*Asks:* 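Got a structure for you, questions after.
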Amino acid sequence: MEFYEDFLQGKRKAISENMGEIGITDITIPKGEPEKYYSSKYVYFDSDKDGLKELHVKSARYYYIIKYENGNLMVWKQLSPDWEPLDNGAFLEERIFSAPTYTVYSYSVVDCNGNDAFEINFGTYDSNYNGIQDENDEYYFDGLKVEKNTWDTLTNRYLSVGNDEIEWVILYEET
């Protein structure tokens, strides 16, 4: 935890295999605007279910999961800020497009190394433009068009996983 606190205070960086070293300012400060901050938050949460918590840091632009390994901080996973961690260690992304409303979900399970082990995509399309999901709309699951009741059954196991164990701490308000 001391390493994570040092990271949050800007005293330590995390190593990313493809980006070199990442510091807290790389996540929270817009490039070229050192006096501003993205809205940012963090949480300690065990996403890989190894009994040790990782540091999740999310800003309006970035989402990094940092893990302590062998005396170093490593970027375990990098996601877009649209993703949310779930209580079971998986991640859910919900993207809403408008006019008419099209909602796309992605559910991802990550292995102990931070690699995607399983991902499923599903979505809805408000094809009758009435602003609600009803029997007359289009429903997709894993690339296939399905009926609403089938979609509800297939997606319930992914959409019903909560995130009430995850209590984010505000790091910065947007400036």
Side-chain angles (χ1 to χ4, degrees), residues 14 16-19 22 26-28 30 38-50 52-67 74-174:
S16 169
E17 288 184 16
N18 58 352
M19 297 182 68
I22 301 293
D26 298 312
I27 302 170
T28 60
Y38 291 122
S39 175
S40 307
K41 56 189 178 179
Y42 71 94
V43 67
Y44 301 110
F45 184 73
D46 184 11
S47 287
D48 65 1
K49 299 302 181 193
D50 68 352
L52 302 172
K53 294 180 179 182
E54 295 82 39
L55 172 62
H56 296 240
V57 181
K58 185 190 282 197
S59 72
R61 187 166 172 118
Y62 304 103
Y63 180 7
Y64 284 92
I65 304 169
I66 297 164
K67 183 173 182 154
M74 306 297 291
V75 174
W76 181 72
K77 186 77 176 164
Q78 180 183 356
L79 299 164
S80 80
D82 296 325
W83 289 89
E84 290 295 330
L86 301 174
D87 291 342
N88 66 355
F91 296 88
L92 181 68
E93 177 186 43
E94 178 183 21
R95 299 188 72 200
I96 301 171
F97 304 91
S98 61
T101 302
Y102 183 62
T103 305
V104 178
Y105 298 92
S106 296
Y107 179 94
S108 179
V109 176
V110 179
D111 69 17
C112 62
N113 296 315
N115 300 313
D116 294 330
F118 171 80
E119 186 171 321
I120 190 87
N121 299 289
F122 44 94
T124 64
Y125 176 68
D126 185 15
S127 56
N128 61 1
Y129 305 94
N130 67 354
I132 59 171
Q133 290 181 344
D134 56 31
E135 298 290 336
N136 299 316
D137 292 330
E138 295 178 18
Y139 296 85
Y140 297 90
F141 185 84
D142 200 22
L144 300 174
K145 188 173 180 181
V146 297
E147 298 296 320
K148 181 181 183 337
N149 61 345
T150 302
W151 189 88
D152 289 340
T153 301
L154 291 171
T155 61
N156 182 54
R157 65 188 283 186
Y158 306 111
L159 296 176
S160 65
V161 178
N163 60 0
D164 59 337
E165 293 178 18
I166 301 160
E167 295 184 29
W168 292 96
V169 176
I170 300 296
L171 188 59
Y172 297 110
E173 297 289 341
E174 186 172 5

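Note that this is a predicted model, so its numbers are computed, not measured.
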*Asks:* Quick one: do I65 and L79 satisfy side chain to side chain contact (heavy atoms under 4.5 Å, CB included)? Show the steps, please.
*Replies:* CA-CA 8 Å; I65 304 169; L79 299 164; 4.3 Å; yes
*Asks:* Atom CD1 of I66 and atom OH of Y44: how far apart are they, to the nearest 0.5 Å?
*Replies:* 10.5 Å
*Asks:* Using atom types as modelled and distance alone, determine if a side-chain donor or acceptor of T103 lies under 3.5 Å from a backbone N or O of F97.
*Replies:* no
*Asks:* Are any of the side-chain heavy atoms of T153 and T150 separated by less than 4.5 Å?
*Replies:* no
*Asks:* Taking the six-membered ring for Trp, are W76 and F91 parallel (under 30°), tilted (30 to 60°) or perpendicular (over 60°)?
*Replies:*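 Aromatic pair W76/F91 classed tilted.
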*Asks:* Return the CE to CD1 distance between M74 and I22, rounded to the nearest 0.5 Å.
*Replies:* 11.5 Å
*Asks:* Relative to each other, are the rings of Y139 and W151 parallel, tilted or perpendicular (30° and 60° limits)?
*Replies:*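 Rings of Y139 and W151: tilted, 30 to 60°.
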*Asks:* Hey, does the Lys NZ or Arg CZ of K58 hover above the aromatic six-ring of Y63, less than 6.0 Å from the centre and inside 45° of the axis?
*Replies:*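 Yes, a cation-pi geometry holds between K58 and Y63.
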*Asks:* Taking atom types as modelled, find out whether D134 and N130 have a side-chain donor-acceptor pair closer than 3.5 angstrom.
*Replies:* yes
*Asks:* Kindly give the heavy-atom pair with the smallest separation between S59 and P81, and that separation in Å.
*Replies:*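 Closest approach of S59 to P81, heavy atoms only: O-CB, 3.3 Å.
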*Asks:* At their closest point, which heavy atom of E93 faces which heavy atom of S80, and how far apart are they?
*Replies:*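 Taking every non-hydrogen atom into account, OE2-OG, 3.7 Å.
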*Asks:* Which atom names give the shortest non-hydrogen contact between K77 and G114, and what distance separates them?
*Replies:*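 In this case the closest contact between K77 and G114 is CD-O, 3.0 Å.
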*Asks:* Tell me whether the rings of Y140 and Y102 are parallel (<30°), tilted (30 to 60°) or perpendicular (>60°).
*Replies:*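 Perpendicular: the ring planes of Y140 and Y102 meet at over 60°.
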*Asks:* Are any non-hydrogen side-chain atoms of N115 and V110 less than 4.5 angstrom apart?
*Replies:* no
*Asks:* Please report the interatomic distance OH(Y64) to CD1(I27), rounded to the nearest 0.5 Å.
*Replies:*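 Rounded to the nearest 0.5 Å, the OH-CD1 separation comes to 6.0 Å.
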*Asks:* Which heavy atom in Y38 sits nearest to a heavy atom in Y172, and how many Å separate them?
*Replies:*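 What the structure gives for the nearest pair is O-CB, 3.7 Å.
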*Asks:* Can you tell if the side chain of L92 reaches within under 4.5 Å of the side chain of L159, non-hydrogen atoms only?
*Replies:* yes
*Asks:* Taking C-beta and beyond as the side chain, do D82 and E94 meet within less than 4.5 Å on heavy atoms?
*Replies:*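 The answer is no; the side chains never approach within 4.5 Å.
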*Asks:* Looking at every non-hydrogen atom in both residues, tell me the closest pair between S47 and E54 and how far apart they are.
*Replies:*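 That closest heavy-atom pairing would be N-OE1, 2.6 Å.
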*Asks:* Passes side chain to side chain contact (heavy atoms under 4.5 Å, CB included), H56 versus V43? Steps please.
*Replies:* CA-CA 5 Å; H56 296 240; V43 67; 3.6 Å; yes
*Asks:* Could you tell me the separation between the OH atom of Y158 and the OG atom of S106, rounded to the nearest 0.5 Å?
*Replies:*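 One gets 12.0 Å once the value is rounded to the nearest 0.5 Å.
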*Asks:* Is any side-chain heavy atom of D137 closer than 4.5 Å to one of N128?
*Replies:* yes
*Asks:* Taking the side chain as every heavy atom from C-beta outward, state whether L154 and F122 have any pair of such atoms under 4.5 Å apart.
*Replies:*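 In short, these two side chains do not touch, never coming nearer than 4.5 Å.
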*Asks:* Do any N or O atoms from the side chain of S98 and from the backbone of T101 form a donor-acceptor pair under 3.5 angstrom?
*Replies:*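 No, the answer is negative, given that no donor and acceptor are paired below the 3.5 Å cut-off.
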*Asks:* Any idea which heavy atoms bring L86 and N163 closest together, and the distance?
*Replies:* CA-CB, 4.3 Å
*Asks:* Output yes when K53 and D48 qualify as a salt bridge under the 4.0 Å nitrogen-oxygen rule, no when they do not.
*Replies:*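 Looking at D48 together with K53, the answer is no, because their closest N to O distance does not fall below 4.0 Å.
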*Asks:* Compare all side-chain heavy atoms of I166 with those of D87 and state whether any distance is below 4.5 angstrom.
*Replies:* yes
*Asks:* Would you compute the distance between atom CD1 of I170 and atom CH2 of W168 and round it to the nearest 0.5 angstrom?
*Replies:*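 If we round to the nearest 0.5 Å, I170:CD1 and W168:CH2 are 10.0 Å apart.
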*Asks:* May I ask you to decide whether K49 forms a salt bridge with D111, counting only side-chain N to carboxylate O separations under 4.0 Å?
*Replies:*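 Here K49 does not pair with D111 in a salt bridge, since their nearest N and O are not under 4.0 Å apart.
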*Asks:* What distance separates K148 NZ from E138 CD, expressed to the nearest 0.5 Å?
*Replies:*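 So the NZ of K148 and the CD of E138 are separated by 14.5 Å.
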*Asks:* State, with a plain yes or no, whether a side-chain heavy atom of V57 is found less than 4.5 Å away from one of L55.
*Replies:*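 Of all side-chain heavy-atom pairs linking L55 with V57, at least one is under 4.5 Å.
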*Asks:* Given 3.5 Å as the limit, does a donor-acceptor pair link the side chain of N156 with the main chain of S160, or not?
*Replies:* no
